[in-house]
Colleague: 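Sending over a structure as structure tokens; questions will come in a sec.
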There are 2 protein chains.
Amino acid sequence: MKAIEFNKTVIFRDNYPVPEPQSGEALIKIDLAGICNTDLEIIKGYMNFSGILGHEFVGRVVKINGDRQELVGKRVTGEINCPCKECEYCQKGLYTHCSNRSVLGIYNRNGCFADYITLPVDNLHIIPDSVTDEEAVFTEPLAAAYEILEQVNIKPDDKVLILGDGKLGLLVSLVLNQTAADVLLAGKHEEKLGKVEDQGVKTILPENLEISKQYDIVVEATGSAGGFEFALSLLKPRGILVLKSTVAANKEINLAPVVVDEITVIGSRCGPFKPAINALEKKLFNVKPLISGIYKISKAKEALKLSKTKGCLKVIIDFND
Amino acid sequence: MKAIEFNKTVIFRDNYPVPEPQSGEALIKIDLAGICNTDLEIIKGYMNFSGILGHEFVGRVVKINGDRQELVGKRVTGEINCPCKECEYCQKGLYTHCSNRSVLGIYNRNGCFADYITLPVDNLHIIPDSVTDEEAVFTEPLAAAYEILEQVNIKPDDKVLILGDGKLGLLVSLVLNQTAADVLLAGKHEEKLGKVEDQGVKTILPENLEISKQYDIVVEATGSAGGFEFALSLLKPRGILVLKSTVAANKEINLAPVVVDEITVIGSRCGPFKPAINALEKKLFNVKPLISGIYKISKAKEALKLSKTKGCLKVIIDFND
């Protein structure tokens, strides 16, 4: 099968063996896969991963090894953390924090930039008919945006600022703007901001932000190591800083303001798929303007190249002939 | 009056004018004052403060300008944040975060390393007769330890680690060990650890700590910029890191583990005085072993010198002749 492998460098393979589902796993034919900033960080060395890249997908179940044969033929996406179901965290239902987990295309498990993947059947979510493939491929990053609402009670009277107009920042703005809170997205790219402005999100260029401690909640989604201290400068005392960026780089930081202003910093990673799929089904917002390009797998090199360019949003790889 | 002033350098004054209480303020004759690490950080440049140092004290009210004359003659200590009672934070009762606050010996207000201070009457707390002066002078740092219990629900089944056997770390260990949780204090100095071991606190040398993600809560009270990342390496996913150290120095940090493990970092500063005084009155633990020395004000230079030495705990200045 065709596959995009990373092993110190990116390798475009035509003859990768089709995987065999283990007991409790499904074999899935990939239709579309999305390129995420995490993939680009992995290519820079993050997580020391080697294997097939990719963790955002929509596809069809072609085979199941074990129960739930009724899923064969269904259009699905899948949670990326594959848990052991036995450790302390799994016992508590915290599968995304399983001590022994593998993670699709990120840690110890081949990813979805390939014609076929295997995933545990329990990880799969059926995509409703009214949700297109192009929308469904956003489920995983959209779930990461919904994770914020799992972790933080955003009160109607809160002033919320999102820093960063990358893919994740834009999705976070669409999700949080569903609340009654006063939500503002700050980003450097007017064109990107325009994608959500059309949908009612208030936006601002960073240079127009008044630097004062005025926000109850700041979501740091810049993907840059400098975002943390900028966020601190904008938070009210006792405010909440939601950290979304996983940046491989170190940065010199002074943590004294966290103590003096008694800030709560909350790390936020993978989120629940069901609310993300519900939101797509309910058409709460439109994710399709965030697509910068859809490339056939034969043009995957161009897709990766585009995804690294400034101003680019979601690049999708199409595995259908 | 005698006073220890900081103005780029430490100045021991004999002829500082006695302050006059403004409306709503008390004039207090200082009996004992404690030296805090924050004082030593200020001497290094933290907060850009100039004025009389010191914020831990016990004294007697000698004069009141306004209501509550019944306080005259009472033995008191006092909250160090002097709020405006008008701003957004004061309206919510968050006086320690008042936008316009002055802070005793730290920001815009002369401190208690002096024969006399003024403080708002509302800041004062009467010391019960059964609490000695030597104990009462611990109220402010003990309140900072109790702030953790105001912010974090420590569950009976939690594994809690405190990093740092300085004054604050020891007080935090005494306070948190009152819970049923499994509490461990890690510090480098066997002699300091001994002060709380005698009172039932489990202790360990850092080199004997197993470096694995095993604690639900880690309190960082090392006073060193490196404590943050060490704490992260010991926290379970979804764990809580309570930051107590205000360190003037920057440090190169990688925040990715906060995101990946969805850690909550909580900055923790000044706390409630009433529970601290209650704890001293109930004799829940003994703070007196933490005293390294009591020096007359005429020997203040030696007191400051001792407070900067390794292995030293609380140094107290006695303003009585």
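Any value given below was found using the heavy atoms of this structure, including those in side chains, with hydrogens, waters and symmetry copies removed. Labels below follow one simple rule: chain letters A, B, ... track the order of the sequence lines, proteins then strands, and each chain is numbered from 1. Treat the numbers as computed from the prediction; the structure is a model and nothing was measured.
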Colleague: Can you establish whether the number of heavy atoms outside A:Tyr107 located under 6.0 Å from its atom OH is more than 12?
Modeller: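 Count not over threshold, so no.
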Colleague: Using non-hydrogen atoms only, which part of B:Ile263 is less than 4.5 Å away from chain A: side chain, backbone, both, or neither?
Modeller: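 Interface part for B:Ile263: backbone (N, CA, C, O).
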Colleague: Partners of A:Lys188 by side chain to side chain contact (heavy atoms under 4.5 Å, CB included), sequence neighbours excluded?
Modeller: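 By the side chain to side chain contact (heavy atoms under 4.5 Å, CB included) rule, A:Lys188 matches A:Pro206.
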Colleague: For the CG atom on A:Asn48, are there more than 12 heavy atoms of other groups (residues, nucleotides or ligands in this structure) within a distance under 6.0 Å?
Modeller: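 For A:Asn48, atom CG is not crowded (no more than 12 foreign heavy atoms under 6.0 Å).
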Colleague: For a 4.5 angstrom cut-off between non-hydrogen side-chain atoms, does A:Thr264 reach B:Val265?
Modeller: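 Answer no - side chains too far apart.
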Colleague: Between atom NZ of B:Lys213 and atom OG of A:Ser99, what is the distance when rounded to the nearest 0.5 Å?
Modeller: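 Rounded to the nearest 0.5 Å, the NZ-OG separation comes to 9.0 Å.
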Colleague: Rounded to the nearest 0.5 Å, how far apart are CD of B:Glu252 and NZ of A:Lys251?
Modeller: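 Reported to 0.5 Å precision, the distance equals 9.5 Å.
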Colleague: So what's closer than 4.5 Å to chain A heavy atoms on B:Leu94: side chain, backbone, both or neither?
Modeller: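 The side chain, not the backbone.
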Colleague: Taking every non-hydrogen pair under 4.5 Å, which of A:Asp261, A:Ile240, A:Ile266, A:Val260 racks up the most with chain B?
Modeller: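 Heavy-atom pairs under 4.5 Å are most numerous for A:Val260.
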Colleague: Heavy atom to heavy atom, less than 4.5 Å: which residues from residues 141-155 of chain B reach chain A?
Modeller: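 Against chain A, the residues of residues 141-155 of chain B that fall inside the cut-off (heavy atoms, under 4.5 Å) are B:Glu147, B:Gln151.
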Colleague: Under 4.5 Å from any heavy atom of chain B, what part of A:Lys236 do you find: side chain, backbone, both or neither?
Modeller: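 Contact with chain B involves both backbone and side-chain atoms of A:Lys236.
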Colleague: Would you give the length of the straight line joining atom OG1 of B:Thr96 to atom CD of A:Glu262, rounded to the nearest 0.5 angstrom?
Modeller: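 If I round to the nearest 0.5 Å, the distance is 5.5 Å.
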